[in-house]
Amino acid sequence: MRIVLFCENKYAVDILLPIQEEADKEGNNQVIWYVHKAKIPDFPLKEKVKWSNSMQEIYDFSPEAIFCPGNILPYYLPGVKVQVFHGYAGEKKGHWVIRHYFDTYFTQGPHFTKGFKVLAAKHGNFEVLETGWPRQDWVMNHLHDFDEEKARILEESGRKQIVLYAPTFSPSLTSLPVMKQALVELTEKRDVVVMIKLHPLTRPEWVEEYRALAQENRYIMWTDDFSVAKYQLMADVMISDTSSTIYEFLLKDKPVITYRASAKNIYWKDIQETGMLCNAFDEVQNDEKYINLRKWIIENYDPYTDGKVAHRMLEGARDYIRRHGVPKKRKVNLWRKYTGIKTFGRIKKS
């Protein structure tokens, strides 16, 4: 099966990588990444995988399946177009919007499957298959890879726990403008090291502000990696706001504190004032209420911790092709065609 891993934004890299690794296990060398040149000028896997930033080359490759964690795909590409999602934040405005670019949605767990099956029945032009989320495979395969690094950080700092601060980048939702002093206070009043991991799309002025904070405070660490996954494994508690990383952390059965999260349903400790952070840090780790909420999230948002999500996704695409054949293109309206062409350009059809 000829596969395209559609990487429009940098966050998609470690979402799609497990699919590449599973295809490698199967002996499939017909995998190519599409990498958006303007948004990912330095592709972190450029020496490890086949890739191209030419949409013409992707079209000429004639894919049979395209896996995409973004919102849109060029309608003119052949292949079954699979939405694999870029997180679990179902409260975000665009999560449930059907843009008609996809033939099938591979959902993370029962909560999402239920919602998208309702939408599939309404629109009648896509399918839904529950597979789990591919980044969970990476988690399972690397669960203890960073234990020694964590132990070294704690030993050298003389602290007992690591706290991950991973806010969203959206100016209307992020806690970055107000959280700095609260993080300093947390390191002063609790026995912790704070690791800062900002979203790749964070405003440059906020990046520099928090980078400077880490240089000034020995108990605050700056991380430059494009992926947050490593630090989720190392951390004991996470602080955020309105970000899909919240759910990824809860799925590891670890406590989360947010600042004014916009989620309709809160399954963690949310604070309205930054001065509440230290008390929230104590409460969220010990209160049975938050422990039970995490268990509910695991059961309903993504229970697939068997390391076989990517395998189910590849088999799901093959099954779609067995039943329907390889789609030549996706039928969309003129506006969707225009949006796809504006974003990814035109191609010459052979």
Side-chain angles (χ1 to χ4, degrees), residues 7-17 35-46 53 69-71 86-89 92-94 135 138 146 149-150 153 157 159 162-188 192-249 256-262 271 273-275 277 281:
C7 192
E8 182 186 354
N9 292 290
K10 205 168 185 178
Y11 64 71
V13 174
D14 57 348
I15 299 172
L16 294 170
L17 184 56
V35 180
H36 196 289
K37 186 176 183 179
K39 296 181 180 179
I40 315 176
D42 186 22
F43 180 43
L45 302 179
K46 61 185 176 183
N53 51 36
N71 291 327
H86 55 268
Y88 299 95
K92 287 192 174 181
K93 183 172 63 174
R135 194 146 79 182
W138 187 93
F146 311 106
E149 184 175 349
K150 176 180 179 178
I153 289 170
S157 65
R159 295 296 174 107
I162 291 177
V163 176
L164 174 64
Y165 178 49
T168 190
F169 69 94
S170 173
S172 63
L173 299 173
T174 187
S175 56
L176 282 165
V178 299
M179 190 57 71
K180 189 165 69 169
Q181 188 54 43
L183 296 178
V184 172
E185 184 177 326
L186 186 66
T187 65
E188 293 172 345
V192 301
V193 172
V194 174
M195 298 180 114
I196 297 175
K197 174 63 186 81
L198 302 188
H199 192 285
L201 300 180
T202 300
R203 285 182 175 179
E205 59 267 31
W206 287 334
V207 172
E208 292 311 311
E209 184 178 351
Y210 277 83
R211 192 195 302 269
L213 177 65
Q215 291 172 345
E216 297 164 4
N217 190 312
R218 63 173 297 204
Y219 298 120
I220 296 179
M221 296 181 60
W222 178 261
T223 61
D224 262 327
D225 291 8
F226 75 91
S227 172
V228 72
K230 167 184 174 180
Y231 303 102
Q232 289 175 337
L233 290 176
M234 293 174 67
D236 300 291
V237 178
M238 188 174 83
I239 300 167
S240 189
D241 30 57
T242 301
S243 169
S244 63
T245 57
I246 293 167
Y247 300 97
E248 294 178 51
F249 205 77
V256 170
I257 304 164
T258 58
Y259 173 76
R260 299 187 181 184
S262 69
I271 59 175
E273 303 297 333
T274 58
L277 183 60
F281 176 78

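Just so you know, these numbers use all the heavy atoms, side chains as well, and skip hydrogens, waters and symmetry mates. Worth saying up front: this structure is predicted, and the values here are computed from it rather than measured.
Here the straight-line distance linking atom CD1 of I220 with atom OG1 of T187 works out to 5.0 Å at 0.5 Å rounding. Distance OG1/T223 to CZ/R211: 10.0 Å, rounded to 0.5 Å. Taking OH of Y231 as the start and CD of E149 as the end, the distance is 6.5 Å to the nearest 0.5 Å. The CG atom of L233 sits 10.0 Å away from atom NZ of K150, with the distance rounded to the nearest 0.5 Å. The CE atom of M179 lies 9.0 Å from the OG atom of S240; values are rounded to the nearest 0.5 Å. Atom-to-atom distance recorded for F43:CZ and C7:SG is 5.5 Å, nearest 0.5 angstrom.
A donor atom on one side chain and an acceptor atom on the other are found under 3.5 Å apart for S243 and T245.
Partners of E185 by side-chain hydrogen bond (donor to acceptor under 3.5 Å, both in side chains), not counting sequence neighbours, listed by chain and number: K189. Remark: E205 pairs with R203 by the side-chain contact (heavy atoms from CB on, under 4.5 Å) rule, at least two apart or across chains. Taking F281 as the reference, nothing meets the ring-ring contact (aromatic ring centres under 6.0 Å, His included) condition, with sequence neighbours excluded.
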>> If you apply the rule side-chain contact (heavy atoms from CB on, under 4.5 Å), what do you find for Q181 with T274, and how did you get there?
In response: CA-CA 8 Å; Q181 188 54 43; T274 58; over 6 Å; no

>> Run the salt bridge (Lys or Arg N to Asp or Glu O under 4.0 Å) test on R260 and E273 for me, step by step, so that the C-alpha distance in whole Å, both residues' side-chain angles and the decisive distance to 0.1 Å come before the verdict.
In response: CA-CA 8 Å; R260 299 187 181 184; E273 303 297 333; 3.2 Å; yes

> Could you go step by step and tell me if V35 and K46 meet the side-chain contact (heavy atoms from CB on, under 4.5 Å) rule?
Replying inline: CA-CA 10 Å; V35 180; K46 61 185 176 183; over 6 Å; no

>> Pair Y88, E248 - check side-chain contact (heavy atoms from CB on, under 4.5 Å), show working.
In response: CA-CA 7 Å; Y88 299 95; E248 294 178 51; 3.7 Å; yes

>> Would I153 and M195 count as a side-chain contact (heavy atoms from CB on, under 4.5 Å) here? Give the steps.
In response: CA-CA 11 Å; I153 289 170; M195 298 180 114; 3.9 Å; yes

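Nearest heavy-atom pair, E209 versus K180, reported as atom, atom and distance to 0.1 Å: OE2-NZ, 3.1 Å. What you find for Y11 and G70 is that their closest heavy atoms are OH-CA, 4.3 Å. Minimum heavy-atom separation, Y165 to S175: OH-OG, 2.8 Å. For the residue pair A166 and M238, the shortest heavy atom distance occurs at CB-SD, 4.1 Å. The shortest heavy-atom contact between P44 and K10 is CD-CE, 4.2 Å. Here the closest heavy-atom approach between residue P41 and residue A38 is recorded as CD-O, 4.0 Å.
Between W138 and F146, the ring-plane angle classifies as parallel under the 30° and 60° cut-offs.
Side-chain atoms of D241 come within 3.5 Å of backbone atoms of T168 as a donor-acceptor pair (strictly under, hydrogens ignored). Side-chain atoms of Y210 come within 3.5 Å of backbone atoms of L176 as a donor-acceptor pair (strictly under, hydrogens ignored). Remark: the backbone N or O of P171 is not paired with any side-chain donor or acceptor of T174 at under 3.5 angstrom. Between the side chain of T242 and the backbone N or O of S262 there is at least one donor-acceptor pair closer than 3.5 Å.
Between R135 and D14, at least one side-chain N (NZ, or NE/NH1/NH2) sits under 4.0 Å from a carboxylate O, which counts as a salt bridge.
Side-chain contact between L198 and W222 is present, with at least one heavy-atom pair separated by less than 4.5 Å. At a threshold of 4.5 Å between non-hydrogen side-chain atoms, the residues W206 and P177 count as touching.
Crowding of K39 atom NZ: a count of heavy atoms from other residues, nucleotides or ligands under 6.0 Å exceeding 12.
The side chain to side chain contact (heavy atoms under 4.5 Å, CB included) with I239 is formed by just one residue from the set L183, T258, L164; it is L183.
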